[in-house]
Amino acid sequence: MPNTILVGAQWGDEGKGKIIDFLTDEADVVVRSQGGNNAGHTIVIGGEKYVLHLIPSGILRRSKTCVIGNGVVLDPVALVGEIDGLRARGVKVGKNLLISDCAHLVLPYHQALDGLRESLKGNRKIGTTKRGIGPAYADKVSRTGLRTGDLLRTGEFEAKLKDRIRENNAVLKSLGAPLLNAKKIVADTLKASETLLPFITNTVVFLHRALETKSRILFEGAQGTFLDIDHGTYPFVTSSNTTAGGACTGSGVPPHRIDTVMGVVKAYTTRVGEGPFTTEDDSLGDRFHAMGREFGATTGRARRCGWFDAVSTRYAAILNGIDQIAITNLDGLDGLESIKLCVAYRLDGKVLDFPPTDSADLAKCEPVYIEMPGWMKSTEKARRFADLPPKARAYVRKLAELTGAKLSIVSIGPARAQTIRL
Ligand code: GDP
Ligand code: IMO
Ligand code: MG
């Protein structure tokens, strides 16, 4: 497998974790390069379900190295919880995990501010995961952040952390919020750091050596294209570059070492949190929720659901340079007689081929649908493309054609085996 960036081409939760786990079989190194534990990546192996938030989804395969790159924001206490949880289930987490010494830390004041700012926004809220992601990236850009590398110098770190807590407590006070307990935060962070220290290193040098020895590198995107801080439905986005370019800046791997970009899409669309969603259809959401599908892997919130939106996936393809597409959750459409597919938007009497960049304009867009006949048969047991009903094959081919990418993978269930490689 060539060096591959895997990105979500919708609003997150496309099934990236499942596809990464599948592709890791052919890779040597799996890298997370942005986001934090706002991500929730689900993998099902032999009936066992794992949800990963910070650790790359490659961790479940033996003899693979997983890297948390410099672009990730990392909650040390949450990461230790994740490591312990995996170890308790017999998953090896040791020399197979490396953490960049330049990754920024997410600390309790980031979470407090995230929650507080959301509640102050009232009905203009973003609907964040409240994991402190936005405030942590804001500190990074303001050059007031603390990094994993700082944990290596305990005395200095403690003094810096106390300073940051003091400053943030002043902000919290001015907003009428309860103050944070500095002693507890310092103690909890230093305790977590005892577990994390052996993993912390210069991952740029590691990745450079991996490239020199022709190791195959897989970049695991978190969130999705339309949650990108620059290109997403601002301000209803996350705080990192979720698009393909973020994989390079967030890992220190140069762009010319990337061979291919794979986009992951659901066979329909979902979104969690607020913001415009042109193809949203509550009846589709009701149907999925009644089937027990489409509840968030991180917050448990019911996801908003709608039809496949080829206008946005086409835009995702040009933004990310997507040349291959993986379509997941095709089985979700198994029982439908007819399936809608959005091929253009209509805004103020004009037909648009690409989404407008302004969220207020996007919210005014009307979807232009075509309809395709459903296949009314279970696809879950298909193992080869030819096993799929002809109408299901026609549907996924159409999604790939409208997006402008080669159809590479079709997923028809959460399990590893329910994956068709074309
Ligand atoms: P990620 O954040 O992109 O990794 O996606 P999530 O794990 O948050 O959400 C995807 C959900 O769909 C998870 O519950 C997966 O187990 C599930 N999933 C992935 N692919 C398929 C599929 O083809 N069919 C079904 N039924 N579930 C799938
Ligand atoms: P994965 O990697 C879906 C959404 C939140 C909210 C917005 C901002 O599992 O696909 P944040 O906490 O990041 O400041 O929230 O982004 N969001 C996600 N939605 N999947 C995710 O990750 C998400 N990570 C953040 O719901 O709308
Ligand atoms: Mg998810």
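Computed over heavy atoms, backbone and side chain alike; hydrogens, waters and symmetry mates excluded. Start at 1 and go down the list; that is how both ligands and their atoms are numbered. We number each residue from 1, following the sequence as shown.
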Residue [X] vicinity, atoms of ligand 2 by number, heavy atom under 4.0 Å:
{"X": "Leu227", "answer": "4 (C), 16 (O), 17 (N), 18 (C), 19 (N)"}
{"X": "Trp11", "answer": "3 (C), 19 (N)"}
{"X": "Ala39", "answer": "1 (P), 2 (O), 9 (O), 22 (O)"}
{"X": "Gly273", "answer": "27 (O)"}
{"X": "Ala222", "answer": "2 (O)"}

Any luck finding a side-chain donor-acceptor pair between [X] and [Y] under 3.5 Å?
{"X": "Asn329", "Y": "Arg293", "result": "yes"}
{"X": "Thr42", "Y": "Lys18", "result": "no"}
{"X": "Thr243", "Y": "Asp228", "result": "yes"}

Could you tell me the residue and atom name of the protein heavy atom closest to [atom], and the distance to it rounded to 0.1 Å?
{"atom": "atom 3 (C) of ligand 2", "result": "Asp13 OD2, 3.3 Å"}
{"atom": "atom 27 (O) of ligand 2", "result": "Val272 O, 3.0 Å"}
{"atom": "atom 12 (O) of ligand 2", "result": "Thr129 OG1, 2.5 Å"}
{"atom": "atom 15 (O) of ligand 2", "result": "Thr128 CA, 3.3 Å"}

Reported [atom1]-to-[atom2] distance for the pair [X] and [Y], which is rounded to 0.5 angstrom:
{"X": "Thr238", "Y": "Leu227", "atom1": "OG1", "atom2": "CG", "value": "6.5 Å"}
{"X": "Leu362", "Y": "Leu347", "atom1": "CG", "atom2": "CG", "value": "9.0 Å"}
{"X": "Arg384", "Y": "Leu422", "atom1": "CZ", "atom2": "CG", "value": "12.0 Å"}
{"X": "Thr148", "Y": "Phe199", "atom1": "OG1", "atom2": "CZ", "value": "13.0 Å"}

More than 12 heavy atoms of other residues, nucleotides or ligands under 6.0 Å from [atom1] of [X]: yes or no?
{"X": "Arg62", "atom1": "CZ", "value": "no"}
{"X": "Lys406", "atom1": "NZ", "value": "yes"}
{"X": "Lys121", "atom1": "NZ", "value": "yes"}
{"X": "Lys140", "atom1": "NZ", "value": "yes"}

(request) Report the member of Arg301, Lys16, Gln10, Gln223 with the shortest heavy-atom distance to atom 25 (C) of ligand 2. (result) Gln223
(request) Name the option, out of Val264, Thr238, Thr298, that contains the heavy atom nearest to atom 13 (O) of ligand 2. (result) Thr238
Going by an N to O cut-off under 4.0 Å, is there a salt bridge joining [X] and [Y]?
{"X": "Lys381", "Y": "Asp387", "answer": "no"}
{"X": "Glu294", "Y": "Arg303", "answer": "yes"}
{"X": "Asp75", "Y": "Arg131", "answer": "no"}

(message) Can you work out which protein residues put a heavy atom within less than 4.0 Å of ligand 1?
(response) Asp13, Glu14, Gly15, Lys16, Gly17, Lys18, Gly40, His41, Thr42, Arg293, Ala297, Arg303, Thr328, Asn329, Asp331, Ser411, Ile412, Gly413, Pro414
Could you check whether any heavy atom of [X] sits closer than 4.0 Å to an atom of ligand 2, since that is the contact criterion I want to use?
{"X": "Phe236", "answer": "no"}
{"X": "Gly127", "answer": "yes"}
{"X": "Gly40", "answer": "yes"}

(request) Below 2.8 Å of the Mg ion (ligand 3), tally up the protein N/O/S atoms for me. (result) 2
(message) For His41, which part has a heavy atom under 4.0 Å from ligand 2: side chain, backbone, both, or neither?
(response) side chain
(request) Have a look at ligand 2 and work out which part of Val237, if any, has a heavy atom under 4.0 Å from it: side chain, backbone, both or neither. (result) backbone
(message) Can you classify the ring geometry of His289 versus Phe295 as parallel (below 30°), tilted (30 to 60°) or perpendicular (above 60°)?
(response) tilted
(request) Compute the shortest N/O to N/O distance between Glu274 and ligand 2 and return yes if it is under 3.5 Å, no if not. (result) no
(message) Main chain of Asn3, side chain of Asp259: is a donor-acceptor contact present, judged purely on distance under 3.5 Å?
(response) yes
(request) Please report the shortest heavy-atom distance between Ile322 and Ala9, naming the atom on each side. (result) CD1-CB, 4.0 Å
(message) Against Phe206, only a single residue in Val67, Thr201, Val31 fulfils side-chain contact (heavy atoms from CB on, under 4.5 Å); can you say which?
(response) Val67
